[in-house]
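One structure is given here, and the rest of the page talks about it.
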Amino acid sequence: MTDWWTTLGLVLGYLGTLLLIRWVVLTHKQQPGVTIAWILTIVLIPILGGVLYLFFGINRVERRKAGKLAAARTTADSLPALRLSDEGPSMELNEVQQPLMRLAASACGTTVTSGNRVELLIDTNIAMRRIEEAILAARESIHLEYYIWKPDQIGLRIRDLLIERAQAGVKVRFLYDSLGSLSLNRRFLKPMREAGIAVASFLPGQSLRERWSLNLRSHRKIVVVDGRVGFTGGMNIGDEYLGRNRRLGYWRDTHLRLVGPTVLQLQQVFAEDWYYATGEDLTDPACFPPPEERGDVLAQVVSGGPVGEVRTFHALMFAAINTARRRITLATSFFVPTDALVMALETAAIRGVDVRLLVPGRSMYPWTIYAGRSYYDPLLRAGVKIAEYRRGILHSKTLSIDGCWSLVGSPNFDARSLLLNFEVGVAIYDARIATELESHYEADLMHARIIHLEERRRQRARHILSENVCRLFSPVL
């Protein structure tokens, strides 16, 4: 009898595996790398591999695409922040900046705005202090959207500041990702709701069938106060982001403080996500006051996600690398690139561009480091310079091109950020900001280990095996 049940279980297991493999092939037919990675996961990790695919592999956002696009149209049609123009600041851009501006404009609808003040914040404690100051100064509204919000010391402090402002009559809206902020419970959120704060979670779908997907997250970090001051970048809310976690140590991140017309574009990204999550329309003029020109920086907010025909950040980074003529400086907390981006980096280096990468030497997810290292050899042979940050956790996401164009925001240089997550960043058309980012790269090299091809050739077989095995699963990491 036992043998009969065992045989039945094996047959059902094989049938289930074959059905899942068929599903994978049909679903990811335009992404062969993803297809192979999921098939290997299902075959090599029986049962668990299938469960992982059901949770992580199915792009259920396609069922909600119409709703997300409708949210974008609802806000874009009634607001001036994203209306395109061939006149004004875009005419001031050079031959490197112009094609990147057009691509971003075509992909997500934003135009370059002038009169912005952009402050680079590389000390996370200073960045958090700036956010606190903006919250305390709020008079009309505070909008926040975060991937990770921890209910720890700093998470509680910012929550209580929001409660204080809400009780003073400020309209506060808080949108969090339900997976990244999984530790937020009713006990934490109850005082916010009682104070009149509108709280919502970002989900890939609203039905029970859609909610079990753990893929397709809102990885954005957005704070907009009174429609006049904005923050975005790589930093979430949690004690570790301030270097308070002894195991993780120092936290190296890059965040932006914005004043000027770009704040309205950032507000619009929040408004679209809020409409998608709640159905509430935030096109009231009070949320979008006339922009105040406070600086001399040309900038453009860029948003992207797994909707529409173009993966905005993948296309923009690919184009930026191919546009570069002199220098590329990239810092990322996850380096698991697509084949197209690897080819772009190699080609740029071969044609004489100085390509410099700063990647993590330590991570909370070590398998991503092993997967990233499997790309080193061809890049090094092409002439790409690679350094691994060792002081602590590298969490910055920055890219600068030829000392005149920069991208700072939430997307990492990996397939998950560029193809699956909802992300936001700011394209900056300014030599001073690009030079500042490059100087930060030089300073970070003091705490990094330079990777040499000769060293890679002396690797032990077990290290090579670990890297190559992790790389097999890179499209789904």
Side-chain angles (χ1 to χ4, degrees), residues 93-94 96-97 100 116-130 221 231-235 241-243 249-260 262 294-300 302 316-317 320-321 323-335 345 348-349 352-362 379 383-413 425-451:
L93 305 181
N94 63 30
V96 172
Q97 299 166 330
L100 299 178
N116 297 288
R117 186 197 308 161
V118 177
E119 183 181 1
L120 282 173
L121 303 170
I122 65 169
D123 184 316
T124 55
N125 285 274
I126 293 177
M128 193 63 68
R129 188 156 62 245
R130 292 281 193 276
K221 295 91 175 166
F231 297 85
T232 192
M235 187 178 67
Y241 298 94
L242 304 179
Y250 178 77
W251 195 275
R252 172 66 177 91
D253 221 323
T254 302
H255 221 63
L256 294 176
R257 181 181 184 273
L258 305 168
V259 178
T262 51
R294 295 291 188 88
D296 58 358
V297 176
L298 303 180
Q300 174 183 25
V302 182
L316 188 58
M317 289 184 179
I321 293 167
T323 301
R325 300 179 179 184
R326 296 184 290 109
R327 187 167 59 256
I328 298 169
T329 305
L330 169 70
T332 180
S333 56
F334 292 98
F335 182 72
L345 290 171
V353 178
D354 183 14
V355 183
R356 308 182 298 179
L357 307 184
L358 183 66
V359 297
R362 294 174 51 196
L379 291 170
V384 175
K385 300 170 184 174
I386 304 174
E388 289 186 348
Y389 190 76
R390 293 288 183 170
R391 183 181 180 185
I393 299 296
L394 174 69
H395 201 250
S396 291
K397 306 102 168 49
T398 67
L399 174 64
S400 64
I401 303 294
D402 287 354
C404 66
W405 182 90
S406 308
L407 180 67
V408 180
S410 66
N412 288 297
F413 204 73
V426 182
I428 306 168
Y429 303 80
D430 185 83
R432 180 184 62 82
I433 297 294
T435 300
E436 192 173 344
L437 284 171
E438 290 174 353
S439 68
H440 293 161
Y441 168 85
E442 297 291 346
D444 289 333
L445 285 183
M446 301 293 292
H447 307 286
R449 182 173 69 91
I450 307 300
I451 307 299

**Message:** Quick check: closest heavy atoms across Ala434 and Gly403, and the distance to 0.1 Å?
**Reply:** CB-C, 3.5 Å
**Message:** If I take atom CG from residue Asp444 and atom CZ from residue Arg391, how far apart are they, to the nearest 0.5 angstrom?
**Reply:** 9.0 Å
**Asked** So do the side chains of Arg257 and Arg117 get within less than 4.5 Å of each other, counting heavy atoms only?
**Response** yes
**Asked** Would the number of heavy atoms belonging to other residues, nucleotides or ligands and lying under 6.0 Å from CZ of Arg362 be above 12?
**Response** yes
**Request:** Say whether, by atom type as modelled, one donor and one acceptor occur between the side chain of His255 and the main chain of Ala127 under 3.5 angstrom.
**Result:** no
**Asked** For Ser333 and Lys397, does a side-chain donor sit closer than 3.5 Å to a side-chain acceptor?
**Response** yes
**Request:** Sort out for me which residue in Val353, Leu330, Leu357 forms a side chain to side chain contact (heavy atoms under 4.5 Å, CB included) with Val384.
**Result:** Leu357
**Asked** Atom CG in Leu298, atom SG in Cys404: separation rounded to 0.5 Å?
**Response** 11.5 Å
**Item:** Leu242 side chain near Met128 side chain, heavy-atom distance below 4.5 Å
**Value:** yes
**Request:** Search all heavy atoms of Arg252 against all heavy atoms of Ser396 and return the closest pair with its distance.
**Result:** NH1-OG, 3.1 Å
**Asked** Is there side-chain contact between Asn116 and Val259, with at least one heavy-atom pair below 4.5 Å?
**Response** no
**Fill in**
Here the pair of heavy atoms bringing Thr332 nearest to Pro360 is O-CD, 3.3 Å
**Prompt:** Pick one: which of Arg326, Lys385, Arg327, Arg325 meets salt bridge (Lys or Arg N to Asp or Glu O under 4.0 Å) with Asp354?
**Reply:** Lys385
**Request:** Measure the NE2-CZ distance between His395 and Phe334 for me, rounded to the nearest 0.5 Å.
**Result:** 6.0 Å
**Message:** I'd like to check Leu437 versus Thr329 (side-chain heavy atoms, cut-off strictly below 4.5 Å). Are they in contact?
**Reply:** no
**Asked** So, do Val426 and Leu258 sit near enough that their side-chain heavy atoms are less than 4.5 Å apart?
**Response** yes
**Closest contact, heavy atoms only, Leu100 versus Leu316** = O-CD1, 3.9 Å
**Asked** To the nearest 0.5 Å, what is the distance between OG (Ser400) and CD (Glu436)?
**Response** 11.5 Å
**Message:** Tell me which one of Ile122, Leu407, Ile433, Thr254 satisfies side chain to side chain contact (heavy atoms under 4.5 Å, CB included) with Thr398.
**Reply:** Thr254
**Fill in**
Minimal heavy-atom distance between Phe413 and Leu345, with the atoms involved, is CE2-CD1, 3.8 Å
**Request:** May I have the step-by-step check of side-chain contact (heavy atoms from CB on, under 4.5 Å) for Leu379 and Ile386, ending in yes or no?
**Result:** CA-CA 9 Å; Leu379 291 170; Ile386 304 174; 4.2 Å; yes
**Request:** To the nearest 0.5 angstrom, please state how far the CZ atom of Phe231 sits from the CZ atom of Arg130.
**Result:** 8.0 Å
**Prompt:** Between atom CH2 of Trp251 and atom OG1 of Thr124, what is the distance when rounded to the nearest 0.5 Å?
**Reply:** 9.0 Å
**Request:** Using a 4.5 Å cut-off on heavy atoms from C-beta on, say whether the side chain of Val408 contacts that of Thr232.
**Result:** no
**Beyond-backbone contact of Leu399 with Trp405, side-chain heavy atoms, under 4.5 angstrom** = yes
**Request:** Quick one: closest heavy-atom pair of Leu358 and Leu394, and the distance?
**Result:** O-CD2, 3.6 Å
**Request:** Indicate yes or no: at least one non-hydrogen side-chain atom of Leu256 is less than 4.5 angstrom from one of Leu120.
**Result:** yes
